[in-house]
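Scroll down for the structure; my scribbles are underneath it.
Keep in mind that this is a model prediction, so the values were computed, not measured.
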Amino acid sequence: MITISDISYSVEGRPLFDGASATIPNGHKVGLVGRNGTGKTTLFNLIRGQLNLESGTITLPSSTRIGGVAQEVPGNDVSLLNTVLAADLERTDLLTESTTATDPNRIAEIQTRLNDIDAWSAEARAASILIGLGFGSAAQAMPCRAFSGGWRMRVALAAVLFAQPDLLLLDEPTNYLDLEGAIWLENYLVKYPHTVIVISHDRELLNRSVQSILHLEDRKLTFYTGAYETFAKTRAARLANAEAEASKQDARRAHLQSYVDRFRYKADKARQAQSRLKAIARLEPITRPQEAALKRFSFPEPEVLSPPILRVENGTVGYEGKAVLSRLDLRIDQDDRIALLGQNGEGKSTLAKLISHRLKLMSGQLFQSSKLRIGYFAQHQVEELYIDETPLEHLRRLKPTRTPAQMRAILGGFGIGAEQADTAVGRLSGGQKSRLSLLIATLDAPHLLILDEPTNHLDIESREALVEALTAYGGAVVLVSHDMHLLSLVADRLWLVNGGHVRPYDDDLEAYRALLLSGDREKKKQENNSRKTKAKRASRDEMLAMKAEVRKCEARLEKLNDMRDKLAKKLADPTLYEVTRIGELETWNRKYAEVMEALKRAEVLWLNAEEKLEAAQTQNA
C-alpha cells in the first residue's frame with residue numbers, strides 16, 4: 001500500500017501540493033490525471049525520493065522496487081534484446097555469480113532464485129515485449145545506436161516492463177507509441193502483476209487499463225474507484241453540486257448584504273444589520289473547483305473546391321528506387337475524415353509524405369485541384385520550432401503584413417494567451433509547442449490537413465477541443481494517431497496500410513483492436529504456408545547466432561549437471577540422515593529438487609536450439 005499523508009510542496013514559490021493525501025492499495029492500476037502543470041510528474045519524483053517534501057509523508061512497503069522510464073537508452077552498440085535483458089539487475093547479477101560460485105550452498109541458492117524469477121525464459125519474455133512495442137526479430141538484434149530517440153524511448157519502456165518493478169510509474173507512455181503499440185500496452189498493463197501508476201491523457205488507456213483514478217486538482221489529491229468514464233461522471237456530478245451550493249450561498253450572501261447596505265446606518269435597524277454582517281462572516285466559502293476553460297482550437301475555414309481535391313491512380317512510392325507502397329488508387333474529397341491504420345514500417349508515414357508532396361510518385365499519376373492548399377503536422381516539426389523566438393515572432397516571420405493585434409488574436413484562437421505569446425518557445429510546455437505547430441500548419445486555411453500524432457503532450461481538455469475543431473473544420477483530414485478516442489470521434493473512413501498496399505478497412509476501430517490483440521491468426525497462417533512453400537536460407541550471421549545459442553545451452557547444462565552431482569554427493573553422506581540433522585536433510589532435498597527442475601527446463605531449451613540449428617543446416621544444404 002502506498003500512503004500519501006498531508007503532503008505539501010512548492011516550486012519557485014508556487015504551491016503544487018497543500019495538505020494532499022491519498023491511499024493506493026497494493027496491485028492496483030491507477031491513472032493519475034489533472035491539467036498540465038498541476039504537478040503530476042513532480043508527484044512521481046516525490047514518490048521516488050528525488051525531491052524532498054516540505055511537510056507530510058509518502059510511505060511505501062519496505063524494499064519496494066520502483067521503476068519508470070526516466071530517459072531513452074543510450075545510442076550504443078548493445079543490441080535491443082540485450083539492453084532489455086540487462087534491465088533485470090537481479091537476474092544479470094545471479095547469472096554472473098553463477099559462473100564463479102564454488103560453494104554448493106551458494107550454487108543451490110542461486111539456482112533456486114533463478115527458478116523463482118523464471119530466468120531461463122527471460123529472452124523469450126523480453127523478445128515478446130519488444131515485438132509488442134514494434135520491434136521485429138531482426139530489429140532486436142540491431143544495436144541501439146541504429147535507432148532514433150523516439151524508438152530508443154520504446155526500448156527504455158520495454159526494459160522497465162521486463163524488469164517488473166513492484167511499483168511501475170509511467171509518465172505519458174503512449175506519447176512515443178503508435179496505435180498498435182498503444183493497444184498492446186493497454187492489454188499488457190491489465191495483466192501486469194504489481195502496482196502501476198500511469199500519467200496519461202489517453203482516455204482509452206484510462207478506460208481499459210486502470211481500476212482507479214487519482215485526480216490532482218486545487219493542490220489536492222482525490223482517489224476515485226473505477227475507470228476514467230466513471231471518474232468523469234462522478235466528478236461532473238460533484239462539480240454540479242458544488243456549483244449549485246456555491247450559487248445558493250452567493251444568493252444568501254447577496255440577500256444579507258442587501259439588508260446591511262439598506263439599514264446599517266438606521267438607528268432602529270443597526271443591531272439587525274450588525275447581526276447579518278456576522279452571519280455573512282460565518283458563511284464558509286464553497287470553493288468552485290478550478291475548471292480550466294476549454295482550450296480551443298480555431299482553424300481558419302478554406303474555400304470549397306470541386307471534388308476530388310486529390311486523386312492517385314496506379315501509384316508507386318518509395319525511397320531510392322525501392323517501392324514501399326504500390327498499386328495505389330486513392331481519392332480524397334474535401335469532406336473526408338480519414339484515419340490511417342497499420343503497424344510500424346508498413347508505410348503510413350510514406351503515404352502521408354506522398355499526399356503532402358514531401359515524396360514524389362515513382363510511377364503512376366497524382367491529380368489535384370490547382371488551388372489545393374495542404375497543411376502538415378508531425379511531432380518532428382514541434383522540435384523544429386525556433387526555441388529562441390516567441391510565438392509572436394514566429395507569426396511575424398510567417399505573416400509580416402498582419403498587425404500585432406491580429407497576430408495575438410490568431411494565437412488566442414489556439415489557446416496561446418498573452419503571456420505565452422511573449423515567451424521564448426524553449427520555455428513553453430510540450431502542449432503549448434504542439435499548439436503553436438498546429439497553428440502554423442493551419443495558418444493558410446488548408447483544404448487538406450494531415451496530422452501525424454497531433455495529441456502528444458495535449459491534456460484531456462485540449463484533446464476534446466481538438467475533436468470539436470476537427471469536427472467543425474471545412475477541409476479534409478488525414479489522421480495518424482494512437483488516440484482511439486480521437487479517431488473514433490473524428491474519422492469516418494479507415495484506410496489500412498499493410499503489405500505494400502493501401503485499402504479501405506470496412507470494419508470499425510473496435511474490430512481492428514480485436515484483430516491486433518488476437519495476433520491476426522489468418523495472417524500468421526498465410527505466413528506459415530508461405531514458409532513451407534518457399535523457406536528462406538539462413539544467413540551466415542544467423543547460423544553463427546544459432547550455433548552460439550547451442551553452445552550457451554550446452555554450457556548451462558554442464559553447469560547444472562555439475563551442481564546436481566555435487567548435491568547428490570552431499571545427499572549420499574550417511575550422517576545427513578541422523579535424527580538430529582532431519583531439518584538439514586529437508587533443505588538439501590529441496591535444493592536438489594530445484595536444481596533438477598532447472599535441469600529439465602534447460603534440456604528443453606537445448607533441444608529447441610538443436611532442432612532450430614539442424615533445420616537451418618538442412619535447408620542450407
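- Within the 4.5 Å cutoff, the side chain of V502 has no heavy atoms near those of the L340 side chain.
- From I7, atom CD1 reaches atom CG of D18 across 10.5 Å, with rounding to the nearest 0.5 Å.
- A donor-acceptor contact closer than 3.5 angstrom links the side chains of E464 and H485.
- V30 and V210 get closest at one heavy-atom pair: C-CG1, 3.9 Å.
- For E453, there are no salt bridge (Lys or Arg N to Asp or Glu O under 4.0 Å) partners at least two apart in sequence or on another chain.
- Every residue two or more places apart in sequence or in another chain was checked for a side-chain hydrogen bond (donor to acceptor under 3.5 Å, both in side chains) with Q164, and none qualifies.
- In this view, N52 satisfies the side chain to side chain contact (heavy atoms under 4.5 Å, CB included) rule with no residue, not counting sequence neighbours.
- The line from CG of L170 to CG of N175 is 12.0 Å long, rounded to the nearest 0.5 Å.
- Here the closest heavy-atom approach between residue L385 and residue S437 is recorded as CD1-OG, 3.6 Å.
- Ion pair E229/R203 flagged as a salt bridge, since at least one NZ, NE, NH1 or NH2 atom sits closer than 4.0 Å to an Asp/Glu carboxylate oxygen.
- Side-chain atoms of L516 and Q343, non-hydrogen and from C-beta on, do get closer than 4.5 Å to each other.
- Atom OG of S128 sits about 9.5 Å away from atom CG of L133, to the nearest 0.5 Å.
- Note on residues 183-199: pairs passing side-chain hydrogen bond (donor to acceptor under 3.5 Å, both in side chains), not counting sequence neighbours, are E186-R513.
- Between S209 and K29, the closest side-chain pair of non-hydrogen atoms is not below 4.5 Å.
- Looking at residues two or more places apart in sequence or on another chain, you find no salt bridge (Lys or Arg N to Asp or Glu O under 4.0 Å) involving R358.
- With a 4.5 Å cut-off on side-chain heavy atoms, Y512 and D507 do not count as touching.
- You'll find the side chain of F162 stays beyond 4.5 Å of the side chain of T83, heavy atoms only.
- The list of salt bridge (Lys or Arg N to Asp or Glu O under 4.0 Å) pairs with a residue in residues 130-149, not counting sequence neighbours, reads D77-R145.
- In this structure, the side chain of T455 does not engage the main chain of L458 through any donor-acceptor pair within 3.5 Å.
- For D483, the salt bridge (Lys or Arg N to Asp or Glu O under 4.0 Å) criterion is met by R463, not counting sequence neighbours.
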Side-chain donor-acceptor pairs under 3.5 Å in residues 419-428, sequence neighbours left out?
| from | atom 1 | to | atom 2 | distance (Å) |
| --- | --- | --- | --- | --- |
| Q420 | OE1 | G417 | N | 3.1 |
| D422 | OD1 | R408 | NH2 | 3.1 |
| D422 | OD2 | R408 | NH1 | 3.4 |
| D422 | OD2 | R408 | NH2 | 3.0 |
| T423 | OG1 | E419 | O | 2.8 |

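- Side-chain contact between T174 and L205 is present, with at least one heavy-atom pair separated by less than 4.5 Å.
- Annotation: side chain to side chain contact (heavy atoms under 4.5 Å, CB included) contacts of E389 (sequence neighbours excluded): Y386, E393, H394, R397.
- Within the cation-pi definition used here (under 6.0 Å to the ring centroid, within 45° of the axis), R154 does not qualify as a partner of Y176.
- Without hydrogens or angle criteria, E217 side chain to G34 main chain gives no donor-acceptor distance under 3.5 Å.
- Annotation: side chain to side chain contact (heavy atoms under 4.5 Å, CB included) contacts of V490 (sequence neighbours excluded): R337, V467, L470, L479, L486.
- Judged as a ring-ring contact (aromatic ring centres under 6.0 Å, His included), the pairs with a partner in residues 200-219 (not counting sequence neighbours) are, in order, H215-F231.
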TODO: I would like to know whether D459 and S462 meet side-chain hydrogen bond (donor to acceptor under 3.5 Å, both in side chains); could you show each step before the answer?
DONE: CA-CA 5 Å; D459 57 25; S462 296; 2.8 Å; yes
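- Partners of E549 according to the salt bridge (Lys or Arg N to Asp or Glu O under 4.0 Å) rule, which considers only residues two or more places apart in sequence or in another chain, are K552.
- With contacts defined as side-chain heavy-atom distances shorter than 4.5 Å, the pair L325/L354 does not qualify.
- Within the 3.5 Å criterion, the main-chain N or O of L80 finds no donor-acceptor partner in the side chain of Q140.
- Taking the side chain as every heavy atom from C-beta outward, S21 and D6 approach each other to under 4.5 Å.
- Looking at every heavy atom in both residues, S349 comes nearest to D452 through OG-OD2, 4.0 Å.
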